[in-house]
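Below is one structure; the comments refer to it alone.
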Amino acid sequence: MTTAPWRDPALPAAARVDDLLARMTLEEKTAQLYGVWVGADTDGEGVAPHQHDMSSDHDWDELITLGLGQLTRPFGTAPVDPDAGARALARAQRRIAAAGRFGIPAVAHEECLAGFTAWQATAYPVPLAWGATFHPELVEETARRIGRDLRSVGVHQGLAPVLDVVRDPRWGRVEETIGEDPYLVGTIGTAYVRGLESAGVVATLKHFAGYASSAGARNLAPVRAGVREFADVTLPPFEMALREGGARSVMAAYTETDGVPASADPALLTGLLREEWGFTGTVVADYFGIGFLESLHRVAATPAEAAHAALLAGIDVELPTLKCYGEPLLDAVRAGRVPEELVDRAARRVLLQKCDLGLLDEDWSPEPETPVDLDSAGNRALARDLAEESVVLLDNPDGLLPLSPDSRIAVVGPRAADALAMLGCYSFPSHVLTHHPGRPTGIDIPTVLEALRAELPDAKVTFAEGCDTSEPGTGGFEEAVARAAEADVCVAVLGDRAGLFGRGTSGEGCDVTDLNLPGVQGALLDALVATGVPVVLVLLTGRPYALGRWQGRLGAVVQAFFPGEEGGPAVAGVLSGRVNPSGRLPVSVPRAPGGQPWTYLQPPLGLAGEVSNLDPTPLYAFGHGRSYTSFAWGDFTGGGPVELATDGTYEVSLTVRNTGDRDGAEVVQLYLHDPVASVTRPDVRLIGYRRVELAPGAAARVTFRFHPDLSAFTGRSGRRVVEPGALELRLAASSADVRHTARLTLTGPPREPGPDRRLVCGTEVSEVADEV
């Protein structure tokens, strides 16, 4: 038996794919360019087209005779037992392979924003919580586990991470982002990519690009970001995740920037992504994004025109199902209105990726390894670690926390006894199970109330809900105030309910007009504070909320960003003192609810000044977070002033010592201040950080290796430049808490760093001998 060249794994992938393409008809090539939305039968008997509101009906048996590019969310559409789902997916893949001339299976993709979005799968903290850890290695291990779970049931591609940089915290999808700083987003997002890709799963960067900069924080609103903001804030995390992380797929954003939709922008998806950055993977459409070129953007009159525009721009795969890349595209190619070369270009990229995944190999098998456990003990332990490290202690002025183990505690608030308070909108219970009332969540999610009772068994813990998360009623205030008045301390657990398109207070399509706490929760907090009993505010949210109204009136403030299935025990552990909080803010916490948008990346005119009566200074700055222990920063070296060539390297170091009586973690942050530049620059911006864990009395030496590439920005010419002149490197505990400053002067002519420029600041931690 002679093996066709495209089946021969000994040949280069490019040669195999070229041979295969030459054998395929136009219809077979086009079939590789779309997905079909499917749902796994609960009995494991098969995968059939899912009847979705925005999907068209298709004859499954006829469709797969041509082959199929992708299967859309076989697990993420309905609650299906993981074992049954894995068998169903394998059966569907065998049918697809058997139906076509070439026996090529589909790529199965799923959402994995905060864990595999499937029934009975671990619900990890949301990406905003990843950012709060400032711990890329832990995020990488989390992604590796998520990737292994995906592969164990036959999934090849994960639609994560989100690399949008927060520009306005009123945007509903803030919970899906990693934070408001491009360096933090880039480094944490890159770690997630590494982890997912190391498990053999294709990571998909989204949303490329500019989605989070929508006007007025409205989902899918036009983007009016300038060229410089786009280049220096929006794009760097994507470039880092591609160059440093090796992501193999990118998802085009829904939005349009300055009148050009991302899905129809060749300069973005081909010129920048492929020709300048050298990306060789696949570009996929956000769901229905190609059709939106006709229906929402109105830059195409027909589905065929939308298909042409998207293909020309560089979108290889239409998701979630075929509307434009099916018959409309075929008819346009046959009529000569769309060059077949565009189909070939996209099909080649898709097939190269399938080759990379082993889907073109003769010995490929879809059989899963059963039994499947998507919420293993190891997963839960990792989810607990991630949750514990993400909790931020914002304030504890009089040491009210940790709570006394035998105190009388009134737990009050609409988020205290609701398991869904832990989960973001792309977790399976919030995203899918709401459409299946009566079905169990499939995973154990302890609430804060349950976890606190378990954490402090000798305490007398009472509970009152007080109010709804978002509804206006105040009928529960009286009982809540009574419970608080009887207690030694009141723990007010407030925050968000994740949902989609207005069905929640946070999540996709759940944008807000201001940053007041949802519903009447602010009034409830006022009533609790008025009792005179010390109040610990615990926030379980998907975005920061304005807290200036209660400044100086609260006993302590704890912030958790949708901390996942183990979030209840993590928060309770911080309250009890079992966990020493080490999270740091990935977004600023505002003082007042209006005056947005604002993030810390502001040039001089964006800061407080005499020209406006509005002071945007946040209540808690980016990078802020407190601990139950104390740290001393000393032995600083590298203070300067020194001269450094624009292509040189300079080290700054300091020693961090735990001067308290318990284990703790400090996050040393490095910020850049550029006093004078040819264009206005942020007053400070993060260019490096390192989390350091220390036992009582222990010390570590932290060294940052600064390269001037990290000072580069987009100059007046529109090109990135390293300018000579004065710089300050600020070692800080937050963007507003500077401990040491190094002063440099870059010398020599302006330099344009190339595509191999340094994106990451090198760091090193070494042990320091105990003090004698």
I need the [X] [atom1] to [Y] [atom2] distance, nearest 0.5 Å.
X      : Y      : atom1 : atom2 : answer
His707 : Asp647 : NE2   : CG    : 6.0 Å
Glu175 : Thr177 : CD    : OG1   : 9.0 Å
Asp683 : Asp674 : CG    : CG    : 10.5 Å
Ile315 : Met251 : CD1   : CE    : 10.0 Å
Phe706 : Ile687 : CZ    : CD1   : 5.0 Å
Thr133 : Leu184 : OG1   : CG    : 8.0 Å

Can a donor-acceptor pair be found, under 3.5 Å and without considering hydrogens, that links the side chain of [X] to the backbone of [Y]?
X      : Y      : answer
Trp633 : Thr655 : no
Arg144 : Ser198 : no
Thr270 : Ala313 : yes
Arg743 : Glu728 : no
Arg194 : Gly245 : no
Arg243 : Pro755 : yes
Arg657 : Phe631 : no
Arg228 : Gly715 : yes
Arg701 : Asp635 : yes
Thr703 : Ser653 : no

Can we say [X] and [Y] salt-bridge, meaning some charged N sits less than 4.0 Å from an Asp/Glu carboxylate O?
X      : Y      : answer
Arg626 : Asp395 : yes
Arg751 : Asp709 : yes
Glu111 : Lys206 : yes
Asp356 : Arg248 : yes
Arg691 : Glu389 : yes

Check the angle between the aromatic planes of [X] and [Y] and answer parallel, tilted or perpendicular using the 30° and 60° thresholds.
X      : Y      : result
Tyr689 : Phe134 : perpendicular
Tyr211 : Trp171 : perpendicular
Tyr671 : Phe622 : perpendicular

Problem set entry | Worked check of side chain to side chain contact (heavy atoms under 4.5 Å, CB included) between Val201 and Ile146 | CA-CA 9 Å; Val201 173; Ile146 293 170; over 6 Å; no

Would you say the side chains of [X] and [Y] form a donor-acceptor pair under 3.5 Å?
X      : Y      : value
Thr741 : Arg730 : no
Thr255 : Ser214 : no
Glu666 : Ser627 : no
Ser249 : Thr282 : yes
Glu229 : Thr234 : no
Thr629 : Asn658 : yes
Asp232 : Thr714 : yes
Gln669 : Ser734 : no

Exercise. Would one find more than 12 heavy atoms of other residues, nucleotides or ligands at under 6.0 Å from atom CZ of Arg662?
Worked result: yes

For this session: State whether the number of non-hydrogen atoms from other residues, nucleotides or ligands found under 6.0 Å of Asp737 atom CG is greater than 12.
Result: yes

For this session: Given salt bridge (charged side-chain N to carboxylate O under 4.0 Å, His left out), test Glu239 with Arg757 step by step and report yes or no.
Result: CA-CA 11 Å; Glu239 184 178 6; Arg757 75 183 191 282; 3.0 Å; yes

Exercise. Out of Phe230, Trp277, Phe208, Phe279, which one pairs with Phe238 under the ring pair (Phe, Tyr, Trp, His ring centres under 6.0 Å) rule?
Worked result: Phe208

Problem set entry | From CA spacing to verdict: salt bridge (charged side-chain N to carboxylate O under 4.0 Å, His left out), Arg274, Asp316 | CA-CA 13 Å; Arg274 295 190 183 278; Asp316 305 310; 3.0 Å; yes

Exercise. Of the non-hydrogen atoms in Ala199 and Arg148, which two are nearest, and what is the gap between them?
Worked result: CB-N, 3.6 Å

For this session: Apply side chain to side chain contact (heavy atoms under 4.5 Å, CB included) to the pair Leu694 and Val656, showing each step before the final yes or no.
Result: CA-CA 9 Å; Leu694 295 169; Val656 178; 4.0 Å; yes

For this session: Quick one: do Arg705 and Glu764 satisfy salt bridge (charged side-chain N to carboxylate O under 4.0 Å, His left out)? Show the steps, please.
Result: CA-CA 8 Å; Arg705 294 187 180 88; Glu764 181 179 304; 2.8 Å; yes

For this session: Would you please test Leu759 and Tyr183 for side chain to side chain contact (heavy atoms under 4.5 Å, CB included) and show each step?
Result: CA-CA 9 Å; Leu759 300 176; Tyr183 188 84; over 6 Å; no

